[in-house]
Amino acid sequence: MGRTSQAVLIISYVLMTVKAFETELIPADRIAAQIGKTVILTCNSTGCASPRFSWRTQMDSPLGGTVNNYGTYSTLTMNPVSILNSHAYLCTVFCAKEEKKEKTVKVELYSFPSDPVIEISPPVAGEPVTITCRIPEVYPSDRLEVLLKKGEDLLHTENFYGDSNTNTENKTVTYSFNPTAGDTGKEITCVAKLPIDDMDFEPKERVTSQKLNINFGPQNTIITASPGNSPMEGDSVTLTCVTESNPPAQIVWRKHLADESIQHLIENDVLSIPHARFSDSGLYMCEVINLVTNKTEKATMDIVIQGAPNITELSIEPSTTVQEGEKVSIQCSAESNPPPKIILRRKSDGADMGPYSEGRTLLLPSVTFLNGGDYECIAENKFGKSKREITFNVEYGPKNTMISVIPATAVKEGETVTMKCHSSGNPAPVISWKKKKATGESQKIFQGAVLTIQNVTSQDLGLYECEAYNQFGKEEKAVKLLVQVPPQNITVLVYPSENVKEGENVTIASSTDSNPSSQMVLKKVHQEKEIILPSANGTFILYNATKNDTGRYLLDVFNGVGNNIKVIEIAVAGRKTGKTRSNDSTDYCVFLCNSNSSTWNCNFDLRGKKSKDKWILQSCKSTQAESVIA
C-alpha cells in the first residue's frame with residue numbers, strides 16, 4: 001500500500017474516534033451531604049478543546065463555595081457545607097460560540113454525626129432515677145425518633161415531627177422511674193433514628209447503652225490499728241478504715257490536735273505512719289462519705305506514741321543570719337513521753353565553752369562575729385536522748401584586708417607580677433582592683449582577688465588599690481608597683497648638624513625613657529685613648545669645633561637595669577677663604593620648634609650670635625628641629 005493510501009486511512013481513523021461535545025456532572029442528579037463536611041461537585045467536558053464553565057443555583061442564590069477550572073473540567077468546592085448550600089446546582093459548559101451543555105445536581109443536607117449520650121442520675125434503691133438521652137447536632141430534627149429501653153423492656157418513645165428548625169440542633173429525651181435492687185447490672189439503651197428514605201446516607205440509626213448500678217450509703221464503719229494504738233516512737237503504724245458502701249465510699253482521715261483544731265490527712269482507706277513521731281499522737285477520725293447517697297458515717301481511735309525525746313524545733317530569732325550588734329534568741333523544743341530535760345549550748349572543742357543554757361532558750365544581747373558557729377540542743381528522758389544542731393551566721397563588713405605581691409613591688413620590664421588581695425567578711429567580700437591615674441582619679445581595672453600582669457611595661461607602674469566590699473561596708477588597701485625599664489626610645493639631635501665648619505659650636509642633645517633615671521656618657525672613638533665629653537643633663541657641647549673633632553662618637557645611656565648605645569658621626573670642615581663677614585652678618589641658627597610636643601628640653605649656648613635685629617631663641621621643647629645656616 002502506498003503512502004497516500006496510508007495517510008487517508010489515518011485521517012479516517014482520527015475522524016472516527018473524535019468524540020461529540022458532552023458534559024458530565026459528578027455526582028449526578030443528587031447528593032446527600034453531612035453538614036460540616038466537604039462537598040466537591042465536578043463538571044467534566046468531552047469533545048471540546050477549550051470549554052468555558054459557569055456555575056449557579058437554580059434559585060440564583062450565592063454558590064457558598066469556591067470554583068476552580070482545570071482545562072476540560074471544573075470543580076465547585078463547599079468546605080464546610082452548610083444549610084445555605086441546600087440547592088440544586090447547575091453547571092453550564094460553553095464550547096465555541098454557539099454550543100453549550102448543562103447538567104444539574106441537587107445537594108440535600110443532613111446531620112447525624114455521633115451516637116447518643118446517656119446521663120443517669122445516681123440510682124439509689126427506692127429513690128427516683130432520671131435518664132437523659134442527648135442526640136447532638138441533628139438535622140432535620142422533625143424526622144428524629146428516640147427509644148429508651150431497660151434491658152429488653154421499652155421504657156419510652158419520643159419523636160419530633162412538629163419541629164420546624166432550619167439548622168442543626170441538640171435534642172434531648174428525659175425519662176424517670178424508680179429502680180429496684182433487681183435492676184443492678186441491667187442496661188439502659190438509647191436508640192436514635194433518622195429514617196429519611198429518599199436520602200442515601202449511613203448510618204440512619206445510632207445506639208448507646210449504659211449499665212445500672214444501684215447505690216446505698218456507708219454502714220458498719222470501724223478502725224483497726226497495727227501493731228496497736230500505743231506504739232513506740234519510730235515504729236510503723238497502720239490504721240485501716242473498714243466500711244460497707246456502694247459505690248465505694250470516699251474515706252477522709254482527720255486528726256484532732258491539742259488546740260482542738262482538726263487536721264486533714266489523707267483520702268484513702270489506709271493511713272500509714274512509716275516512722276511514728278511524738279507529734280503523731282492524738283485522736284484519729286475516719287469519716288466515710290458516699291457522695292451519691294449523700295450519707296456519712298464516722299469512727300475514731302486514740303493513738304499515743306512513746307519513746308525517747310524527739311527535737312521538734314531548733315530556731316534562731318530574728319533569723320539564723322544577723323548583723324553584728326543585733327539581739328538574738330536561740331530556742332529549742334522537744335517532744336517525748338515522758339517529757340524531756342533540755343540543754344542548749346554552742347559547740348566547741350572544750351566542754352561547755354561559750355554561750356550555754358540549761359533550758360529551752362539562750363539569749364545573746366549583742367552578737368559579734370565571734371558568736372557565729374554551730375549550736376546544739378540535747379533533749380533526754382528515760383528512753384534515751386536526742387541531739388540537733390543549727391548554724392548561726394553573723395554578717396559583718398570587710399576586715400583585715402591585706403595585699404601580697406609576687407615576686408615583689410619592684411619588677412623589671414617584661415616580668416610577670418601577681419597581686420593577691422585577701423579580706424575577711426560575711427558574706428565574703430567582693431574584691432576589685434583600681435589603678436590611680438596621673439590625674440589622681442582611680443580607674444577600675446579588674447574584679448577578682450588575684451590580679452596578674454604579664455609582660456610588665458613602664459605603663460603598668462603606679463598605685464594599685466584593692467577594694468573589698470559587701471552590703472555591710474568596704475575596706476581599701478593600696479600598693480605601689482615600680483617597673484624597672486632599661487633605657488629605650490633614645491632620641492639624639494645634633495645642632496646645627498653632623499656636618500659643621502671649624503669654629504662652630506656643636507650641641508648634642510638626647511632624651512630617653514627609663515626607670516630608674518638613666519645616666520649618659522658621650523665618648524669619642526680614638527685609636528690611642530678614649531675621650532669622654534662632659535655633659536649637662538644629657539646635653540653635650542663641642543665649643544669652637546676643629547677638624548680634630550671629626551670622628552665617631554658613642555652615646556652610652558645606662559641605668560641599673562641595662563644600657564643602650566647610639567652612634568653619632570660628626571664631620572668638621574675647614575673655613576672657606578674669602579671676604580669675611582662683619583659682626584652684623586655673623587652665621588646664625590634658626591630652630592623651628594613644634595609647640596605641640598614636650599619631649600625635648602634643649603639649652604643652646606649661641607655665644608652671642610644674632611639674627612639681624614633679634615636674639616636667637618635660647619631654648620625650645622620639640623621632637624623636631626630644623627637648622628638653617630644663613
Side-chain angles (χ1 to χ4, degrees), residues 486-514 517-559 563-630:
Q488 58 187 9
N489 300 326
I490 298 175
T491 306
V492 178
L493 291 180
V494 181
Y495 299 95
S497 74
E498 290 86 351
N499 300 304
V500 298
K501 299 176 183 179
E502 279 187 314
E504 289 186 328
N505 293 338
V506 180
T507 300
I508 302 172
S510 64
S511 69
T512 184
D513 296 330
S514 66
S517 300
S518 298
Q519 300 182 39
M520 300 182 185
V521 175
L522 183 63
K523 304 175 184 179
K524 181 181 179 183
V525 180
H526 197 277
Q527 294 180 353
E528 299 178 357
K529 63 179 180 178
E530 190 175 63
I531 301 175
I532 299 177
L533 278 69
S535 70
N537 298 325
T539 300
F540 304 86
I541 301 177
L542 294 175
Y543 294 103
N544 297 318
T546 66
K547 290 183 178 181
N548 292 332
D549 293 321
T550 299
R552 175 176 294 178
Y553 292 78
L554 302 179
L555 177 64
D556 187 4
V557 184
F558 59 93
N559 63 7
N563 75 311
N564 205 334
I565 295 177
K566 288 288 186 178
V567 179
I568 306 168
E569 297 281 352
I570 296 179
V572 182
R575 292 179 179 272
K576 294 182 180 181
T577 61
K579 182 179 179 181
T580 302
R581 297 182 181 181
S582 65
N583 289 337
D584 290 337
S585 61
T586 304
D587 292 345
Y588 62 91
C589 302
V590 177
F591 298 95
L592 303 178
C593 302
N594 183 354
S595 61
N596 293 326
S597 175
S598 60
T599 60
W600 276 91
N601 186 359
C602 311
N603 293 298
F604 303 102
D605 184 0
L606 302 175
R607 299 293 181 179
K609 295 181 180 181
K610 295 187 294 183
S611 172
K612 295 183 180 180
D613 58 352
K614 62 181 180 179
W615 290 98
I616 298 301
L617 296 175
Q618 295 299 304
S619 66
C620 75
K621 296 180 180 180
S622 172
T623 55
Q624 297 178 351
E626 183 176 318
S627 176
V628 180
I629 305 299

With rounding to the nearest 0.5 angstrom, report the [atom1] to [atom2] distance, [X] to [Y].
X      : Y      : atom1 : atom2 : answer
Ile570 : Arg552 : CD1   : CZ    : 12.5 Å
Leu493 : Ile568 : CG    : CD1   : 10.0 Å
Phe558 : Ile565 : CZ    : CD1   : 10.5 Å
Glu569 : Thr550 : CD    : OG1   : 10.0 Å

Side-chain heavy atoms of [X] within contact of [Y], under 4.5 Å:
X      : Y      : value
Ile508 : Leu555 : no
Thr507 : Val494 : no
Lys566 : Ser510 : no

Query raised in the report: Residues in side chain to side chain contact (heavy atoms under 4.5 Å, CB included) with Asp549, at least two apart?
Result: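 So Asp549 forms a side chain to side chain contact (heavy atoms under 4.5 Å, CB included) with Leu542, Ala545, Thr546, Tyr553, Val572.
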
Query - Partners meeting side chain to side chain contact (heavy atoms under 4.5 Å, CB included) with Asn489 (sequence neighbours left out) - result: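 Listed in chain order: Asp513.
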
Query raised in the report: Can you name the closest pair of heavy atoms from Ser517 and Asn559 and give their distance?
Result: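 Residues Ser517 and Asn559, closest heavy atoms: O-CB, 3.7 Å.
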
Query raised in the report: What pair of heavy atoms forms the shortest contact from Gly503 to Asn544, and how long is it?
Result: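 For Gly503 versus Asn544, the nearest heavy atoms are O-OD1, 3.2 Å.
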
Query - salt bridge (Lys or Arg N to Asp or Glu O under 4.0 Å) involving Glu498 - partner list, sequence neighbours excluded - result: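 Listed in chain order: nothing, the list is empty.
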
**Report entry** Results of side-chain hydrogen bond (donor to acceptor under 3.5 Å, both in side chains) for Asn563 - residues two or more places apart only
**Finding:**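 Once residues adjacent in sequence are excluded, the partners of Asn563 under the side-chain hydrogen bond (donor to acceptor under 3.5 Å, both in side chains) criterion are Asp556.
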
Requested in this report: Sequence neighbours left out, what passes side-chain hydrogen bond (donor to acceptor under 3.5 Å, both in side chains) with Glu502? Give chain and number order.
Outcome: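 side-chain hydrogen bond (donor to acceptor under 3.5 Å, both in side chains) list for Glu502, sorted by chain: empty.
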
